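See below for the structure under consideration.
For the single chain, residues carry numbers from 1 onward in sequence order. Every heavy atom of this structure was used, including side-chain atoms; hydrogens, water molecules and symmetry mates were not. Values in this document were obtained by computation on a predicted structure and should not be read as measured data.
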Amino acid sequence: MLTVRRVAYVALIIGFAQVVFGAIVRITGSGLGCGDHWPDCYGAYTPTSRATSHLVEISHRYCAAALSIAIIVLALIALRQRNAEGVAGRGGALRPALLAALLVIVAALFGAVTVKMDLNPIVVVTHLAIAMSLLAVLVVVVVRTGGLGAARVPARYERTLRSGRAAIGLTFLALVFGALTANTPGAPQACLGFPWCRVAAGGGTPFWIQVTHRIIALLLLGHLTGVFFASRKRGESPVIRRATATALALVVLQIVVAAAMVETNLPASFRSLHQAVGTLLWISVVALTALAAGSHGLTEIERIAYESPSRGEFATPEGVST
């Protein structure tokens, strides 16, 4: 379990870097830095030009290769350790590890489609959606092997679990509409001003894509605020409370960065930061939901210890009461 967890952490970190680097590729206009060639760049796998777009794009591909290797290693180790407690079966780490291996292959192939179709906005957004799904699966592997504090969450928190699933849906929609806003011509400048549009610089589909993105983001803020206070009122595990606080802090930061980005006319630095914080928010919301499922990464002896009356704690469907 420890080995699987460590490799899953490495894959998750590389996956986060890959998504953020993908945003840098888009922001710097380097998506076709290798032309329509894939997986090589103009017939080579090493830089053949000093052009910024070429170097950025080929570096992005190197990062994708590193991620693919890490996830394949993760899947192989999980397969090898499948007889260990907590690896195979329902609630184990093996199934999401294998799913991650499948998703990284799909993401790579879709990267080729993105290049071949000259960065079609719908294809680019779909590519991002696949990448976010891959990150979510890696988070599940980490949690199911006891990472991110999961070994200190002995109970299942049904209400927070349901709220977390709703937060995942809202966050995913916010990310998709954010990607549509960034990749649809005219959408980034269609609504100038924050939080309302002081100047509607455009209309039609681009305008409504951006407005919908903002509405979903504000709904997510309200939802996570409710989850934050509810988890404290119910006296849930400190790990769960920290997870809700992290998710809430990140959605607030994301909105602040978005406001600064709009008010300062969309500078590249803020757009990159916006993508990075949004990706961290996605990871935190998925982690919160996975943690709320409870008792991942615990051996049977550890579960008994957590539930022992001598500790003054009893695992219940809603949490730990003393």
Side-chain angles (χ1 to χ4, degrees), residues 4 7-49 51 53-80 93-142 172 175-176 178-180 182-183 272 275-276 278-280 282-283 286:
V4 176
V7 178
Y9 268 128
V10 171
L12 180 60
I13 292 170
I14 298 175
F16 169 76
Q18 173 70 353
V19 171
V20 175
F21 210 105
I24 294 174
V25 170
R26 172 181 55 79
I27 293 167
T28 58
S30 304
L32 294 177
C34 291
D36 61 355
H37 295 252
W38 190 94
D40 62 286
C41 277
Y42 300 112
Y45 292 93
T46 55
T48 57
S49 168
S53 60
H54 179 74
L55 294 175
V56 170
E57 172 63 9
I58 200 169
S59 298
H60 179 57
R61 295 188 184 188
Y62 289 156
C63 189
L67 176 61
S68 300
I69 293 170
I71 290 176
I72 290 172
V73 170
L74 172 65
L76 291 175
I77 293 176
L79 274 172
R80 184 178 180 182
L94 178 59
R95 293 178 183 177
L98 294 177
L99 179 57
L102 175 62
L103 283 173
V104 78
I105 293 172
V106 173
L109 294 176
F110 223 87
V113 173
T114 303
V115 170
K116 296 297 183 182
M117 295 189 67
D118 293 329
L119 309 180
N120 179 281
I122 298 301
V123 176
V124 172
V125 172
T126 304
H127 191 205
L128 176 67
I130 295 171
M132 289 300 177
S133 299
L134 175 58
L135 286 182
V137 173
L138 290 174
V139 171
V140 171
V141 176
V142 170
F172 187 79
L175 290 169
V176 168
L180 282 172
N183 289 279
S272 300
Q275 178 68 62
T279 305
L280 284 174
W282 171 248
I283 291 173
V286 174

Original post:
What's the spacing between F16 CZ and L280 CG if we round to 0.5 Å?
Top reply: 4.0 Å
Subject >> Closest approach of Q275 to V20 (non-hydrogen atoms, all atoms of both residues) >> reply: CG-CA, 4.5 Å
Original post:
Which atoms form the tightest heavy-atom contact between S59 and L55, and what is the distance?
Top reply: OG-O, 2.7 Å
**OP:** Could you pull out all residues at least two apart from L79 that satisfy side chain to side chain contact (heavy atoms under 4.5 Å, CB included)?
**Re:** R82, L94, L98
**OP:** Determine the minimum heavy-atom distance between V286 and A136, stating which atoms define it.
**Re:** CG1-O, 3.7 Å
Subject >> Taking every non-hydrogen atom, the tightest pair across A97 and A75 >> reply: O-CB, 3.9 Å
Subject >> From I122 atom CD1 to L180 atom CG, the distance as rounded to the nearest 0.5 Å >> reply: 5.5 Å
Subject >> With H60 via side chain to side chain contact (heavy atoms under 4.5 Å, CB included) - residues at least two apart >> reply: Q18, F21, V25, E57
**OP:** State, yes or no, whether a side-chain contact exists between L128 and V176 at a heavy-atom distance under 4.5 Å.
**Re:** no
Original post:
Any side-chain heavy-atom pair from I71 and L138 closer than 4.5 angstrom?
Top reply: yes
Original post:
Do the non-hydrogen side-chain atoms of L175 and T279 ever get within less than 4.5 Å of each other?
Top reply: no
Original post:
Side chains of L67 and L134: does their closest heavy-atom pair fall under 4.5 Å?
Top reply: yes
Original post:
Shortest non-hydrogen contact from L135 to G15?
Top reply: CD2-C, 3.5 Å
Subject >> From L102 atom CG to S133 atom OG, the distance as rounded to the nearest 0.5 Å >> reply: 11.0 Å
Subject >> Reported SG-to-CD1 distance for the pair C63 and I58, which is rounded to 0.5 angstrom >> reply: 13.5 Å
**OP:** Please tell me if the side chains of V141 and Y9 come closer than 4.5 Å, counting only heavy atoms from C-beta onward.
**Re:** no
**OP:** Please round to the nearest 0.5 Å and tell me the distance separating atom CG of L109 and atom NE2 of H127.
**Re:** 9.5 Å
**OP:** Using side-chain hydrogen bond (donor to acceptor under 3.5 Å, both in side chains) as the criterion, list what pairs up with R95, not counting sequence neighbours.
**Re:** none
